[in-house]
Enquirer: 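My questions all concern the structure below.
Computed from a predicted model, the values in this text were never measured in an experiment. All heavy atoms count here, side chains included; hydrogens, waters and symmetry mates do not.
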Amino acid sequence: MPTILPHDARASNRLAVFDYLRAAGPASRADAAKSIGLSAPTVGKIAEQLLADGLLEEEDSPPPAVDTPDHFAPRDRTGRPSRPLRLNRTRESILALQIGVHNTRLSALPIAGPQKDPATNEPTSERSWPITFKTPASREAFIRDLASAVRSLHNPDTAAIAISVPGALDESTGLTLLSPNIPWLHNVNLGTLVHEALPAARATPLCFVQEIRALALGQLWAQPVIKDFLLVDFGAGVGGALAANSHLYVSPLPLSGEIGHSRIPGNRRPCGCGNTGCLETLLSRRGLLASFAKTHHSAKKSWPTLVHHLEHNPLEKWLTPTLDAAGAIIATALNLVGIRDVVLTGFLAELPPPITDRITTAIRDASMWARFGEVRITLAPRRRALGLVAAAIDRILLPSPKIER
């Protein structure tokens with residue numbers, strides 16, 4: 001039988017209070033105790049610890065009235081009713097670093113994650129990533145540019161650094177095993193890279209997340225009601241990440257969701273991974289532009305031109321086989337793991353509805369579950385910044401307790 005040690009029980013309770021406030025929003029200590037099933041004194045002590053650690057903060061307004069006895073509601077040391085608790089929104093304690101194929105982005109973020117646009121309730125890209133620079137073509141240039149970018153943040157309060165990167169990544173060590181679209185990152189230790197750029201941060205804990213897995217973590221935190229899904233992102237490549245029972249799937253090898261490197265019969269394009277015929281050589285920004293230019297010789301080879309053409313013309317023969325192949329590959333992944341929810345992110349949202357309709361139809365046509373029930377496919381924004389915050393909290397600031405067996 002598993003044995004829960006006392007210190008693990010305390011860690012579990014801390015996590016329960018934090019997760020409740022993350023899901024419920026601002027709440028009183030009494031509400032938290034009642035909802036979680038812990039005693040009021042226990043929640044009071046946990047709240048003080050989380051406040052001291054900077055994970056929570058108190059709102060200025062008094063808590064809403066709750067239907068509990070007067071003795072149940074905790075009070076602060078002055079005797080006044082305690083204020084509502086919420087995830088810390090003011091202290092920017094997590095440094096998020098996204099190393100992208102074309103651009104590298106940097107942000108100092110609070111525990112509550114990126115600020116949201118009141119109109120859409122979604123983080124805006126400008127607020128999420130206030131600093132962006134073109135990803136350099138060499139290790140030395142990257143170290144120089146990263147050091148300069150961090151200096152401009154003026155953020156001395158960093159408690160953790162979370163880093164995402166494309167390609168095959170060993171998240172436990174920070175070693176990039178393969179990065180087809182950023183060749184100089186091959187066999188580079190991200191921790192060493194960051195410490196060379198930021199020597200003052202050598203004592204700051206680091207965590208590493210493959211970029212599509214960071215998107216899946218952000219999706220889990222933003223919409224926790226969807227607990228099991230396959231996220232597929234379309235951008236410089238085609239990547240995937242699997243979530244099961246509200247947790248990222250962790251594979252025994254540092255490879256995950258390499259949907260873009262599935263081979264397509266008849267495709268002879270070389271891929272940066274060293275193989276030939278990979279899906280992402282056809283269904284990435286670069287791949288689509290190459291196919292478009294090959295078919296329409298006089299057309300300007302630019303993304304806006306391609307989008308405009310797709311908006312004003314029926315689906316063409318150069319594109320439909322690629323969309324069908326992508327749908328079949330995604331459906332095969334669903335069939336293997338027994339998942340019925342698919343979350344699509346990336347540039348698909350920029351393309352006209354017939355593109356998405358073709359892929360979703362192909363997914364459902366090849367999915368076993370569609371024979372018995374509903375395969376649900378959702379278009380979602382990228383939430384990588386939120387995913388990096390989630391990774392820093394889950395792995396560094398408030399890790400899940402380990403159970404001794």
Enquirer: Report the C-alpha distance between Arg384 and Arg213 in whole Å, list the side-chain angles of each, state the deciding distance to 0.1 Å, and finish with yes or no for side chain to side chain contact (heavy atoms under 4.5 Å, CB included).
Expert: CA-CA 9 Å; Arg384 188 174 285 115; Arg213 286 167 55 79; over 6 Å; no
Enquirer: Is a side-chain donor or acceptor of Ser291 paired with a backbone partner of Leu288 at a separation under 3.5 angstrom?
Expert: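 The answer is no, because no donor-acceptor pair under 3.5 Å joins these two groups.
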Enquirer: Donor-acceptor pair, Asp145 side chain versus Glu140 backbone, under 3.5 Å?
Expert: no
Enquirer: Can you check whether Gln98's main-chain N or O pairs, donor with acceptor, with Glu211's side chain at less than 3.5 Å?
Expert: no
Enquirer: Is a salt bridge present between Glu350 and Arg285, judged by a nitrogen-to-oxygen distance below 4.0 Å?
Expert: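 Here Glu350 pairs with Arg285 in a salt bridge, since their nearest N and O are under 4.0 Å apart.
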Enquirer: Would you say Arg371 has more than 12 foreign heavy atoms packed within less than 6.0 Å of its CZ?
Expert: yes
Enquirer: Just wondering, do Leu97 and Leu146 contact through their side chains at under 4.5 Å, heavy atoms?
Expert: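 A side-chain contact exists here, since the closest heavy-atom pair is under 4.5 Å.
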Enquirer: Side chains of Glu57 and Thr90 only: does a donor on one sit below 3.5 Å from an acceptor on the other?
Expert: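 Side-chain D/A pair, Glu57 to Thr90: present.
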Enquirer: Just checking, is any N or O donor in the side chain of Thr176 or Ser179 under 3.5 Å from an acceptor N or O on the other one?
Expert: no
Enquirer: Rounded at 0.5 Å granularity, tell me how far CH2 in Trp303 sits from CG in Leu306.
Expert: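 That separation rounds to 5.5 Å.
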Enquirer: Say you draw a straight line from NZ of Lys227 to CG of Asn245; how long is it, rounded to the nearest 0.5 Å?
Expert: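 Here the interatomic distance stands at 6.5 Å.
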Enquirer: Using a 3.5 Å distance criterion without hydrogens, assess whether the side chain of His308 forms a donor-acceptor pair with backbone atoms of Pro304.
Expert: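 No: the side chain of His308 does not pair with the backbone of Pro304.
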Enquirer: Got a donor-acceptor contact below 3.5 angstrom from the Asn313 side chain to the His309 backbone?
Expert: yes
Enquirer: Does Thr276 offer a backbone N or O that forms a donor-acceptor pair with the side chain of Arg263 under 3.5 Å?
Expert: yes
Enquirer: Just by distance, do the side chain of Ser367 and the backbone of Ala331 share a donor-acceptor pair under 3.5 Å?
Expert: no
Enquirer: By the salt bridge (charged side-chain N to carboxylate O under 4.0 Å, His left out) test, which pairs, at least two apart or in different chains, include something from residues 353-366?
Expert: Asp324-Arg358
Enquirer: What residues form a side-chain hydrogen bond (donor to acceptor under 3.5 Å, both in side chains) with Glu280, not counting sequence neighbours?
Expert: none
Enquirer: Given the ring of Trp221, does Arg383 sit roughly above its face, with NZ or CZ under 6.0 Å from the centre of the six-membered ring and within 45° of the axis?
Expert: no
Enquirer: Just by distance, with hydrogens left out, do Ser93 and Asn88 show a side-chain donor and acceptor under 3.5 Å apart?
Expert: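 No.
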Enquirer: Got a list of side-chain donor-acceptor pairs under 3.5 Å for residues 337-346, not counting sequence neighbours?
Expert:
from   : atom 1 : to     : atom 2 : distance (Å)
Asp341 : OD1    : Arg376 : NE     : 2.9
Asp341 : OD2    : Arg376 : NE     : 3.3
Asp341 : OD2    : Arg376 : NH2    : 2.6
Thr345 : OG1    : Asp233 : OD1    : 2.7

Enquirer: Between Thr158 and Thr204, is any side-chain donor less than 3.5 angstrom from a side-chain acceptor?
Expert: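 Side chains of Thr158 and Thr204: no pair found under 3.5 Å.
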Enquirer: To check you understand the geometry: which heavy-atom pair defines the closest contact between Pro254 and Leu169, and what is its length?
Expert: CB-O, 3.5 Å
Enquirer: About how many Å separate CD1 of Ile182 and OG of Ser138, when rounded to the nearest 0.5 Å?
Expert: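 Interatomic distance, Ser138 OG to Ile182 CD1, rounded to 0.5 Å: 12.5 Å.
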Enquirer: Donor-acceptor check, side chain of Asp170 to backbone of Ser172, threshold 3.5 angstrom: yes or no?
Expert: yes
Enquirer: Salt bridge between Arg86 and Glu58, side-chain N to carboxylate O under 4.0 Å?
Expert: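 Looking at Glu58 together with Arg86, the answer is no, because their closest N to O distance does not fall below 4.0 Å.
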